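Contents: one structure, followed by commentary.
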Amino acid sequence: MAARPRVVVIGAGLLGCAVADELTERGWTDVTVLEREPAIAPAGPGLLFRTHAGRTATEFAKYTAEKYSGLTVDGGWCFQPVGSLELATSAEQLAELRQRLGWATSSGIRGYLRSPGECAQLHPLLDASKVLGGLHFPGDGLIKPVRAALAQARRAEARGAKFRTGQHVVEIVAAGGRVTAAATATDRFRADIVISCAGVRSPELGRLVDLAIPVVPIVQHHARSTPLAGLTGHNDDFTEAGKPLLRGAGLAVREHVDRLGVSALGPMDPTGPFTSDGFEASWTAALGLVPALADAKIEEGARTLVPGTPDGSPLLGEHPDLDGFWVAEALGGAWSAGVARELARWLVEGQAHLDLHSVDLARFDRMQLAPNRVRERSFASAGHPRPASALARTTPCYEREVALGAAFREEDGWTRPQRYSTGEAEAIATRTRAALFDLTPRRRLEITGRGALPFLQTMTTNQLDRPPGSVTETLLLGEDGGVRSDLTVARLQPERFHVAVRHHRDVAWLRRHLPGDGTVQLRETTSGTCCLGLWGPAAPAVLPELSTSDSRAWEGYVGDVPVTVLRVSEVGEPGWELHTDADLGRLLWDTVWTAGQPHGILAAGQDALRSLRMEEGHRRCGVDVTTEHDPYEAGLGFAVRMDKGYFLGRDTLRGRSPATVRRKLVCLTVDDAHSVLHGREPVYAEGRPAGYVTSGTYGWTVGKNLAYAWLPVEYARPRTPVEIECFGKRLPAKVTAEPLRSTE
């Protein structure tokens, strides 16, 4: 590809204009933006809230507010920082606000919990008697979407970008597995890169290139009131608003000079027009917060279609099978500039700066992309009640788990047992006797061919050139040395490897880097196989026939069931992973279960596994460790062999070591055994915010509440006292050496 490739952006909305601006600012000036409509269309009420459950989404919104604050069009503002005030009308909602304040603090956003009286001072039209409190973020505010789009389009045009309206793309032209042009009904635009920023129309573009883009149109209604006496003289036509945005009761309220606007979800049918009758329930809910609306009526209303996804997060990534076709969906103005900047970094520098695992286009597998499932999940993520649906994938052992009283939860498209009726005894049994875990949903690959070893050596960090029968923990890195994921690689034969990966995006990453000469074959085996984990001090007695092998990976039998056996354990106890074909999975369960009865075997779920994992010091990539962290910061340097030869990310790691890091992932033990840590809670050192929690659980066999957290290296020494803010309460904690069982 040329150093400055030809880029075609499809969609001249707020995101498309932001992408053109960010690319041209970085020197990629041969950019053409194609818009189907004759002009940029209005795009909703322009609400920008910066604090979200995910750190990446929060960073997107922070940058969007920062960037648009510095843009104007003919003297008019693009972002007005009027602030936001999220209201609680119940004790449960008030607790949620305290949690959100913790998220904000961990991301460097200034916020305040306000009393009902303080809420009324910030927004006098509120009924203070109806609220228990509010969460105030002074830096949130209003975007002027069309104005912000125009400001960025003008900047991009000044650097050489071209904008063409009335251009309906009907074909993405490709040759040799690579994009070469975008064709409209009247023109053809040569391109090395095509970026879909088409919003709710992006699935249409996806169909042109055989790509399922999981976007569903979500209806948002915005009703504007007649003039209110309480707002007369408070604002002018230039500023439009001065009081914070209100959020609560499933809606948002903003000022329009001397009127109020109310935003809420519309019906799931995206074809109906806005009607006052259809908005009546939302208007009544707004009346409960702002009594002044009783003296007003709906003067006008608008209906906007915005893109929704199954998990409510943006989409960023390249087509897995067509080089040069990229998808970028921000799901609203609040994330637009942040998504655009990260896409531009990814394209121009070859690597994003932020962790994008939660927004990666490749995060969904084929089942999750089924049209009905995409629609159902997208509506649920947007706030519509979720209809009852069939179970997700179940493993061959599902009926056995139901009979044992398992409580299930869907994760990554699979129905997985979280716990059984035995509760905490599951973890204790793993430490004292034996426990059986269903690990079938974990993704497994078979990588074969004469080029398999060189391929895996290049893609991962550890030394894999070991004899058959070896098992190696290794990492996937980006070019910048950031940790994408961790892998377990078992060499079964000289040219045959069993590879356990964490996520569907890891599979897509490996596929994208396969050599084009056919020397490597990659096949995902997850759906056709079953995997059980048998761990605990009694495991050798349960299956004594497996205890005689000196190998760490081999093929054998458990009873009459042919299995691939891996001597691995992430809980620190002896045992194995047992892999077999899916049609033999239930027989394998029954065989192990029967053999384990004299030894007090229990079935154990994900809650016990999480607890045991943290006690043993095992980090979870994508949660505790992301592409924003290198292996030495994360405590994963043991999986890096700098002397083995080239691997992806090796050059960036030169000169780095555990001694050079400025931050570390540490384990914290928390004095309060009853508080539940979910992640994103801020960590304070010497009274100041110093880091944040990534995950937490209760360590059943050490009797302590546990958390992983990122902290500056000066606070990462064992026994250092810190505090974790959990739902507004400061919990004393201390840094603890790992693994806990050998230190406590």
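Not measured: the values here are computed from a predicted model.
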Whether His52 side chain and Phe49 backbone form a donor-acceptor pair below 3.5 Å: yes
Charged N-O contact under 4.0 Å between Asp486 and Arg502: yes
Flag for Glu342-Tyr63: side-chain donor and acceptor within less than 3.5 Å: no
Arg620 CZ: over 12 foreign heavy atoms closer than 6.0 Å: no
Check: Glu628 side chain, Asp355 main-chain N or O, donor-acceptor pair, under 3.5 Å: yes
Side chain Arg444, main chain Thr440, donor-acceptor under 3.5 Å: yes
Identified side chain to side chain contact (heavy atoms under 4.5 Å, CB included) partner of Leu135 from the options Leu87, Leu94, Leu113: Leu113
salt_bridge(Glu524, Arg511) N-O dist < 4.0 Å: no
Residues Asp412, Arg363: salt bridge by 4.0 Å N-O rule: no
Shortest non-hydrogen separation from Arg100 to Thr51 and the atoms involved: NH2-O, 3.0 Å
Any Val499 side-chain heavy atom under 4.5 Å of Thr488 side chain: no
Stepwise side chain to side chain contact (heavy atoms under 4.5 Å, CB included) check, Leu343 with Val19: CA-CA 8 Å; Leu343 176 62; Val19 167; 4.2 Å; yes
Side-chain touch Thr626/Val483, heavy atoms, less than 4.5 angstrom: no
Aromatic plane relationship, Phe379 with His384 - under 30° parallel, 30 to 60° tilted, over 60° perpendicular: perpendicular
Distance-only side-chain donor-acceptor flag, Gln418 / Glu411, under 3.5 Å: yes
Salt bridge present between Arg373 and Glu376 (N-O < 4.0 angstrom): no
Nearest heavy atoms of Val215 and Gly199, plus distance in Å: CG1-O, 3.8 Å
Basic-acidic side-chain contact under 4.0 Å: Lys62, Glu66: no
Pair Ser263, His222: side-chain N/O donor-acceptor within cut-off below 3.5 Å: yes
Lys/Arg N to Asp/Glu carboxylate O, Glu318 vs Arg512, below 4.0 Å: yes
Gln80 side chain to Lys144 side chain, donor-acceptor N/O pair below 3.5 angstrom: no
Minimum heavy-atom distance between Asp506 and Ser485, given as atom pair plus value: OD2-OG, 2.7 Å
Pairing of Asp21 and Arg341 as salt bridge, 4.0 angstrom limit: no
Ring centres under 6.0 angstrom apart (Phe274, Phe279): yes
Atom pair CG/CD1 of Leu211 and Ile172 - distance to nearest 0.5 Å: 11.0 Å
Pair Thr652-Asp480, side-chain donor/acceptor within less than 3.5 Å: no
Closest non-hydrogen atom pair between Pro631 and Gly481, with its separation: CD-O, 3.5 Å
Heavy-atom pair of closest approach, residues Arg680 and Ser107: NH2-OG, 3.0 Å
Arg50/Asp140 ion pair, N-O < 4.0 Å: yes
Test item: Thr64 side-chain N/O and Ala337 main-chain N/O as donor-acceptor pair under 3.5 Å: yes
Short side-chain to backbone donor-acceptor contact, His357 and Gly622, under 3.5 Å: yes
Chi angles and distances behind the salt bridge (Lys or Arg N to Asp or Glu O under 4.0 Å) call for Asp624, Arg613: CA-CA 12 Å; Asp624 303 314; Arg613 169 183 69 83; 3.4 Å; yes
Non-hydrogen side-chain atoms of Glu86 and Leu97 separated by less than 4.5 Å: yes
Note: Glu633-Arg619 ion pair, threshold 4.0 Å (strictly below): no
Residue pairs fulfilling ring-ring contact (aromatic ring centres under 6.0 Å, His included) with at least one residue in residues 304-327, sequence neighbours excluded: Trp326-Trp346
Modelled atom types, side-chain donor and acceptor of Tyr692 and Thr105, under 3.5 Å: no
Pairs meeting criterion salt bridge (charged side-chain N to carboxylate O under 4.0 Å, His left out) with involvement of residues 194-218, two or more places apart: Arg36-Glu204, Glu37-Arg201
